[in-house]
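Let me begin by presenting the structure, written as structure tokens, before commenting on it.
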Amino acid sequence: MSKFLDGSLKNLQPYVPGEQPKDVQYIKLNTNESPFPPSQKVIEVLNEEESKKLRLYSDPETSVLVNAIAEFYGVNANQILTGNGSDEILAFIFRAFCGEKGMACPDVSYGFYPVFCNLFNIKYIPVPLKADFTVDVEDYKYIADNVIIANPNAQTGIFLDLEQVEKLLKQNKDRIVVIDEAYVDFGGVSAIPLIDKYDNLVVVQTMSKSRQLAGARIGFAISNRQLIDDLKTVKYSFNPYNVNRLSILAGAAAFGDESYFDACRKKIVSSRERLTKALQEMGFVVLPSKANFLLARHGKIGGRELYLKLKENGVLVRHLSDERISDFVRITIGADDEIDILLNKIKVILGEKK
Ligand SMILES: *Cc1c(COP(=O)(O)O)cnc(C)c1O
């Protein structure tokens with residue numbers, strides 16, 4: 001730390017992303033990326049002609065992408081804001097709507113939420129999940145601060161029914177409720193149809209997980225026009241050209257290929273069910289996931305030990321240090337051959353523990 005770092009940042013604990021190894025070739029099941037390539041339509045649009053246009057700034061309104069999203073979800077273009085990954089969208093949301101109000105969220109959730117609170121000097125209010133790792137919206141009933149729920153929840157994969165989401169929205173109309181739907185396409189139900197019914201709802205999605213574009217960095221918020229306009233004020237005060245030219249085209253092309261999107265997510269869902277069963281047969285406890293990952297623990301081996309042993313064997317999964325889930329590993333749903341190798345390695349590792 002230099003002597004120049006602002007005093008207010010001296011205790012900032014940055015978000016720690018999952019490993020992105022550059023040396024060894026691992027089977028990479030640690031950051032919830034898609035095992036499949038982007039749609040062929042995306043590949044085609046990233047051509048020489050478009051690359052030459054990189055000398056020009058991108059469209060600050062990202063109209064091509066916004067229109068594709070608007071069409072897909074049947075909402076108005078002015079109800080959408082795109083960002084450089086949904087992490088940036090989340091930053092805009094925290095900056096725009098918190099400060100006087102804090103942000104409440106489940107104690108086990110996406111690790112970036114407390115980091116944004118810290119960065120922007122926002123009160124962070126962790127609300128414990130139930131013992132079975134589900135959200136009980138009753139726990140939010142008397143919270144006046146804003147609320148953010150990842151749905152399905154990060155780390156656990158557990159989905160909260162829309163009925164419960166509506167309850168949360170109705171509990172206090174004077175607070176913002178953010179539903180972070182990074183994993184909704186793997187079996188959840190989106191809250192987007194509720195945006196006209198509740199003026200305190202912001203839905204956030206990403207193209208990183210279910211649309212094969214983690215490296216393109218595209219996320220978006222869908223809400224009513226007033227809240228989107230507030231977010232635009234923050235965006236235009238920070239980085240007007242926040243989505244680059246090629247990503248705008250790539251994102252629009254991906255939204256235009258619904259059949260590939262559906263095929264990929266269906267495959268992830270069926271692989272998830274296969275992996276869940278196989279792990280349960282080996283004695284794992286697996287949380288009921290509607291995401292593209294599983295959180296699993298085994299009585300014979302700790303989460304960190306299993307993570308390290310798998311890494312030695314060329315398979316990267318994620319071990320999260322949150323106390324409540326430190327017995328678990330989080331496994332991204334990979335391709336069939338990756339899952340087969342993972343299962344074989346686990347079998348050997350557990351065999352050695354006898
Ligand atoms: C992956 C993830 C994000 C971030 O996605 P990007 O669009 O890649 O920045 C946001 N929220 C949750 C819950 C996630 O799991």
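The figures that follow rest on heavy atoms only: side chains count, while hydrogens, waters and symmetry mates do not.
- Proximity of a side-chain donor or acceptor of Ser223 to a complementary backbone N or O of Leu201 within less than 3.5 Å is detected.
- The CD1 atom of Ile176 sits 12.5 Å away from atom CG of Asp145, with the distance rounded to the nearest 0.5 Å.
- In this structure, Leu320 and Arg330 have side chains that are in contact, with non-hydrogen atoms separated by less than 4.5 Å.
- At least one donor-acceptor pair closer than 3.5 Å links the side chain of Ser271 to the backbone N or O of Lys267.
- Contact of the Met207 side chain with the Ser86 side chain is not registered, since no non-hydrogen atoms from C-beta on lie closer than 4.5 Å.
- For Tyr113, the ring-ring contact (aromatic ring centres under 6.0 Å, His included) test picks out Tyr110, with sequence neighbours left out.
- The environment of OH in Tyr236 is crowded: more than 12 heavy-atom neighbours from other residues, nucleotides or ligands sit within 6.0 Å.
- A donor and an acceptor atom, one from each side chain of Gln79 and Asp196, are located under 3.5 Å apart.
- Residue-environment remark: CG (Asn11) stays at or below the threshold of 12 foreign heavy atoms within 6.0 Å.
- Remark: Arg274 CZ is packed, more than 12 non-hydrogen atoms of other residues, nucleotides or ligands lying under 6.0 Å away.
- Taking the charged nitrogens against the carboxylate oxygens, Lys173 and Asp199 have no contact shorter than 4.0 Å, which rules out a salt bridge.
- Atoms CG and OG, on Asp185 and Ser190 in that order, are 8.0 Å from each other to the nearest 0.5 Å.
- Dense packing is recorded around NZ of Lys232, with more than 12 heavy atoms of other residues, nucleotides or ligands lying under 6.0 Å away.
- Heavy atoms from other residues, nucleotides or ligands lying under 6.0 Å from CD of Glu273 number more than 12.
- Interatomic distance, CG of Leu12 versus CG of Asn121, reported as 10.5 Å (0.5 Å rounding).
- Around atom OH of Tyr57, no more than 12 heavy atoms belonging to other residues, nucleotides or ligands sit under 6.0 Å away.
- Gln155 and Asp322 form no side-chain donor-acceptor contact under 3.5 Å, judged by distance and modelled atom types alone.
- Under the ring-ring contact (aromatic ring centres under 6.0 Å, His included) criterion, Tyr260 pairs with no residue at all, not counting sequence neighbours.
- A heavy-atom distance below 4.5 Å is found between the side chains of Glu50 and Lys53.
- In this structure, Lys52 places its NZ atom where only 12 or fewer heavy-atom neighbours from other residues, nucleotides or ligands lie under 6.0 Å away.
- A cation-pi arrangement, defined by a distance under 6.0 Å to the six-membered ring centre and an angle within 45 degrees of its axis, is absent between Arg272 and Tyr183.
- Comment: Lys309 does not engage Glu352 in a salt bridge, judged by the lack of any side-chain N to carboxylate O separation of less than 4.0 angstrom.
- In this structure, the side chain of Arg211 does not engage the main chain of Ile218 through any donor-acceptor pair within 3.5 Å.
- Contact annotation: the side chain of Ile179 never approaches that of Leu194 to less than 4.5 Å [non-hydrogen atoms, C-beta and beyond].
- A side-chain donor-acceptor contact under 3.5 Å links Arg217 to the backbone of Ala214.
- A donor-acceptor contact shorter than 3.5 Å is absent between the side chain of Asn313 and the backbone of Val315.
- A donor atom on one side chain and an acceptor atom on the other are not found under 3.5 Å apart for Ser58 and Asn244.
- Judged purely by atom type and a 3.5 angstrom limit, Ser247 uses its side chain to pair as donor or acceptor with the backbone of Ala216.
- Contact annotation: the side chain of Tyr140 never approaches that of Val177 to less than 4.5 Å [non-hydrogen atoms, C-beta and beyond].
- For Lys235 (side chain) and Gly83 (main-chain N/O), no donor-acceptor pair under 3.5 Å exists by modelled atom type.
- You'll find the side chain of Val64 stays beyond 4.5 Å of the side chain of Asp59, heavy atoms only.
- Here Phe92 pairs with nothing under the ring-ring contact (aromatic ring centres under 6.0 Å, His included) rule; sequence neighbours left out.
- His319 places no side-chain N or O within donor-acceptor distance of the main-chain N or O of Gly302, the cut-off being under 3.5 Å.
- Rounding to the nearest 0.5 Å gives a distance of 8.0 Å between CG of Asn67 and CD1 of Ile80.
- Classification of the Phe255-Tyr73 ring pair by plane angle, with boundaries at 30° and 60°, yields perpendicular.
- Of the options Thr82, Ile248, Leu81, a side-chain contact (heavy atoms from CB on, under 4.5 Å) to Val66 is made by Thr82 and by none of the others.
- Put simply, the side chain of Gln171 reaches to within 4.5 Å of the side chain of Leu168, judged on heavy atoms.
- A 4.5 Å side-chain heavy-atom check between Ile149 and Val178 finds every atom pair outside the cut-off.
- By the 6.0 Å contact criterion, NZ on Lys167 is open, its count of non-hydrogen atoms from other residues, nucleotides or ligands being 12 or less.
- Side chains of Thr206 and Lys209: a donor-acceptor N/O pair is absent below 3.5 angstrom, by distance only.
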